[in-house]
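This one's a predicted model, so the numbers in the text were calculated from it and none came from an experiment.
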There are 2 protein chains.
Amino acid sequence: MSDFRPASDRITIHDVAEGARVSTGTVSRVLNNRPGVNPRTKARVLEAMQSLGYRPDQAARELSFAQNRTIGLHVGSPVERNRPFFAQFLSHISRELRDSGFRFEEIRSRPDGMPEQIPDGLVLFGAHEADPRIPELRANSVPTVLLGRHNEVSCVAADDADGGRQVAEHLVRLGHTSFACILGGLHSQGEFDRLTGFRGGLARHGFELSNEMILDGEFTSLGAYRAMRRALERGLSVSAVFAASDEMAIGAMAAAEDHGVRVPLDLSVVGFDDMEGIAGDRLTTVRQSIADLAHSAVELLREQLAGGERRSITLPVTLIVRTSTARYWGGHEVS
Amino acid sequence: MSDFRPASDRITIHDVAEGARVSTGTVSRVLNNRPGVNPRTKARVLEAMQSLGYRPDQAARELSFAQNRTIGLHVGSPVERNRPFFAQFLSHISRELRDSGFRFEEIRSRPDGMPEQIPDGLVLFGAHEADPRIPELRANSVPTVLLGRHNEVSCVAADDADGGRQVAEHLVRLGHTSFACILGGLHSQGEFDRLTGFRGGLARHGFELSNEMILDGEFTSLGAYRAMRRALERGLSVSAVFAASDEMAIGAMAAAEDHGVRVPLDLSVVGFDDMEGIAGDRLTTVRQSIADLAHSAVELLREQLAGGERRSITLPVTLIVRTSTARYWGGHEVS
DNA sequence: CTGAAAGCGCTTACAG
DNA sequence: CTGAAAGCGCTTACAG
């Protein structure tokens, strides 16, 4: 915390300009990575910023950016809003947007669940296929990006199917032969894709996942715990479980433990997201970069605002192997 | 969504000034509720704002406010950051701050958990008595407000003790005579106060709460579920449970149901917070206004920035009675 | 490749 | 009680 500095000392673009002996316009160009700045000049400016500890004023940037537009974020339901994933996404998208010179605002919901007001562009969180917000927005041709999958609007999502596939590969390679899956109730395309990918991956090795092996974890740790525990009590006997979110995976692990099933000895558990503060250092999971999702969402929005076509972006995911999964020797009894 | 309007049409203070036939300065004065504006003029301005649908530009306000200061919000740990309460608070405090002309920024943590940088003022979330951030900030005399209780810094909190007391009153009045309490592990002063208040309220009627009746719910629905279920399986026999958060109350209710204990017939459950999307329409709980907490935090910060003394604010809470609590006739068997 | 200047939407002394 | 004007920190045509 050595960089404590009272507000009055705020160093501006002018200080940097002076330090680098250029005009403020040039500093701005460097700051925004605009092409056409002499590399040497650029280096000088960068160095001045560095040594002065310059940090741009977002409010000023917002105000002077020509586009001068407000992008809103709107969540489908209060329940969605309480998900840790949402909090993280909110944090990233607001930063990303401000860094790009947009104004950012979280849009509240009217009693009927529709956005209270419509900004110049909208990011939709927690939308489903038949989401009533979509036709409305399309009718008003409001630039919109949806987090997830939808075929009528631009959207950005992690490669859910590939994530599921990677999980299947991982588990099969570890010697597992019987599997269960915990979803959040199949409301979103994303979890469906995770399931489909998982099934596909299993099928490739001759395994299949029957419908009884799909549990509804309500997208919460508690929901997953209860679903898993009930399943175990009914005699569910599998050696590996794939949950569509880290929270649900945590719940499943807890249920297993409480039922006397050791993770990973008797049961391997895999999550999805790799959320900080949830996955911990134990859960094997599929990492998706929330920062990249936010970044891509802004890009798609920018394109639409510039009159471009709708399109979608799918981001790669990575399997992070930790200690909640292990080789299955077939020797342990489960349940 | 009838107020859809492209960015180019953005109506500014100038439009309002023109509409009300005053100068922009006057509009600004009205906007900020500054004293010394002729009531008639004010009415005219207000009406113009109204009819034009004027909405002030936060970026511009931030930029031109004289104080021109940045307030940061910093959370103690990633786990705290994932709590729904945090997400709500973040949303309110950022709005509040911007409306007051401050810049707002969420401060990230360094690997050691300390804030990555120090703005002109700081709001601390999820702090405990021995929080290492506090001495550091005090040493640098950074204006700081803590959400919760602490005796070295300004702080703002709901009247946790009174909340606990009200719950006790409510339950006693309903005829309950045996109680349990679910806490998050006694890390924060707040939950301790809730417990103390609860105990005090019970004591007033000759009831007491032994230590075995205090369960650790880890401040999550899953944690509370497991604690409650274990307790029920061990034969816990009480007719009322007070949980220090809505999430934990939800977990306790689920555990009761799974154990064949009917809520509220056999068991009354009370939460704390009245969080949207969690308490639902069923949980009796203690409502604290997150908006007011945020508002007060900003006030305390402003005072410190103006050179005022540290002080603390305690906000009133309200018991919201729903259907998770009911009269206890002593006739039902529990567990 | 770079500088001088206007402007983003607001607030606030300073006059009157 | 109100207006005219400067200024908050930045970006971006417009010249050169």
Side-chain angles (χ1 to χ4, degrees), chain A residues 7-46 48-49 52-70 98-103 105 120 302, chain B residues 7-46 48-49 52-70 98-103 105 120 302:
Chain A
S8 43
D9 286 12
R10 188 176 245 292
I11 49 175
T12 72
I13 208 174
H14 288 99
D15 303 311
V16 176
E18 197 174 312
R21 324 193 111 252
V22 294
S23 72
T24 57
T26 299
V27 176
S28 171
R29 282 172 205 120
V30 172
L31 193 60
N32 295 287
N33 243 311
R34 299 268 182 272
V37 177
N38 185 310
R40 309 252 290 258
T41 314
K42 184 165 178 179
R44 256 195 358 262
V45 172
L46 250 19
M49 294 209 248
L52 290 167
Y54 170 71
R55 301 189 51 229
D57 184 309
Q58 294 305 341
R61 301 189 75 197
E62 284 183 32
L63 189 56
S64 55
F65 256 104
Q67 44 199 15
N68 200 16
R69 288 172 156 165
T70 302
R98 303 198 71 181
D99 287 356
S100 306
F102 288 100
R103 291 173 173 71
E105 212 168 303
D120 303 302
R302 201 196 317 248
Chain B
S8 42
D9 285 12
R10 187 178 246 290
I11 49 174
T12 73
I13 209 175
H14 288 98
D15 303 311
V16 177
E18 196 174 314
R21 320 193 112 254
V22 294
S23 72
T24 57
T26 298
V27 177
S28 173
R29 283 173 205 116
V30 172
L31 192 60
N32 295 287
N33 244 309
R34 299 265 182 275
V37 177
N38 185 310
R40 310 251 291 258
T41 315
K42 184 166 177 175
R44 259 200 350 266
V45 172
L46 250 19
M49 294 208 250
L52 290 168
Y54 170 69
R55 303 188 49 231
D57 183 311
Q58 294 305 343
R61 301 189 74 199
E62 284 181 35
L63 189 56
S64 56
F65 257 104
Q67 44 200 13
N68 199 13
R69 288 173 157 163
T70 302
R98 304 198 69 179
D99 287 355
S100 305
F102 288 99
R103 289 173 173 72
E105 210 168 304
D120 302 303
R302 205 196 316 249

Give the nucleotide from the list [options] with an atom nearest to the side chain of [X].
{"X": "A/N32", "options": "D/dT11, C/dC1, D/dA13", "value": "D/dT11"}
{"X": "B/V37", "options": "C/dC10, D/dT2, C/dG3", "value": "D/dT2"}
{"X": "A/S64", "options": "C/dC8, C/dA5, D/dT2", "value": "C/dC8"}
{"X": "A/N38", "options": "D/dC10, C/dC1, D/dT2", "value": "C/dC1"}
{"X": "A/L31", "options": "C/dC8, C/dC10, D/dT11", "value": "D/dT11"}
{"X": "A/A60", "options": "D/dC10, D/dT2, C/dG3", "value": "D/dC10"}
{"X": "A/R61", "options": "D/dG3, D/dT11, C/dT2", "value": "D/dT11"}
{"X": "A/R103", "options": "C/dC1, D/dC10, C/dG9", "value": "C/dG9"}
{"X": "B/T26", "options": "D/dT2, C/dG9, C/dG7", "value": "D/dT2"}

Please check the phosphate of [N] (OP1 and OP2 only) for any side-chain N or O of [X] closer than 4.0 Å.
{"X": "A/R29", "N": "C/dG3", "answer": "no"}
{"X": "A/S23", "N": "C/dG3", "answer": "yes"}
{"X": "B/R34", "N": "C/dT12", "answer": "yes"}

[atom1]-[atom2] distance between [X] and [Y], expressed to the nearest 0.5 angstrom:
{"X": "B/R55", "Y": "A/T70", "atom1": "CZ", "atom2": "OG1", "value": "7.5 Å"}
{"X": "B/R98", "Y": "A/E105", "atom1": "CZ", "atom2": "CD", "value": "8.0 Å"}
{"X": "A/T41", "Y": "A/R29", "atom1": "OG1", "atom2": "CZ", "value": "10.5 Å"}
{"X": "A/I11", "Y": "A/L52", "atom1": "CD1", "atom2": "CG", "value": "5.0 Å"}

Could you check how far [atom1] of [X] sits from [atom2] of [N], rounded to whole Å?
{"X": "A/D15", "N": "D/dC8", "atom1": "CG", "atom2": "P", "value": "12 Å"}
{"X": "B/H14", "N": "C/dC8", "atom1": "NE2", "atom2": "P", "value": "8 Å"}
{"X": "A/R44", "N": "C/dT2", "atom1": "CZ", "atom2": "C1'", "value": "11 Å"}
{"X": "B/E62", "N": "C/dT12", "atom1": "CD", "atom2": "C1'", "value": "17 Å"}
{"X": "B/L63", "N": "C/dT12", "atom1": "CG", "atom2": "C1'", "value": "13 Å"}
{"X": "A/M49", "N": "D/dG9", "atom1": "CE", "atom2": "C1'", "value": "14 Å"}
{"X": "B/I13", "N": "C/dC10", "atom1": "CD1", "atom2": "P", "value": "5 Å"}
{"X": "B/Q58", "N": "D/dC10", "atom1": "CD", "atom2": "P", "value": "19 Å"}

Main chain of [Y], side chain of [X]: is a donor-acceptor contact present, judged purely on distance under 3.5 Å?
{"X": "B/N32", "Y": "B/R34", "answer": "no"}
{"X": "A/S100", "Y": "A/F102", "answer": "no"}
{"X": "A/R61", "Y": "A/D99", "answer": "yes"}

Heavy atoms under 4.0 Å, any strand shown: does [X] hit a base, just sugar-phosphate, or nothing?
{"X": "B/R40", "answer": "nothing"}
{"X": "A/V27", "answer": "nothing"}
{"X": "B/S28", "answer": "base"}

Between [M] and [N], how far apart are the [atom1] atoms? Round to whole Å, please.
{"N": "D/dG16", "M": "D/dT12", "atom1": "C1'", "result": "16 Å"}
{"N": "D/dA6", "M": "D/dT2", "atom1": "P", "result": "23 Å"}
{"N": "D/dG9", "M": "D/dA13", "atom1": "P", "result": "23 Å"}

Discussion item. Both B/G25 and B/A59 contact DNA chain C. Which one's nearest nucleotide lies toward the 5' end?
Written reply: B/A59

Discussion item. How close do B/V27 and B/V22 get, counting heavy atoms only, and between which atoms?
Written reply: CG2-CG2, 3.8 Å

Worksheet, complete the sentence: A correct dot-bracket answer for DNA chain C, with pairs being Watson-Crick or G-U at under 3.5 Å, [ ] for crossing pairs and | for inter-strand pairs, is |||.||||||||.|||

Practice prompt. Give a yes or no on whether a salt bridge exists between B/D57 and A/R103, defined as a side-chain N under 4.0 angstrom from a carboxylate O.
Written response: yes

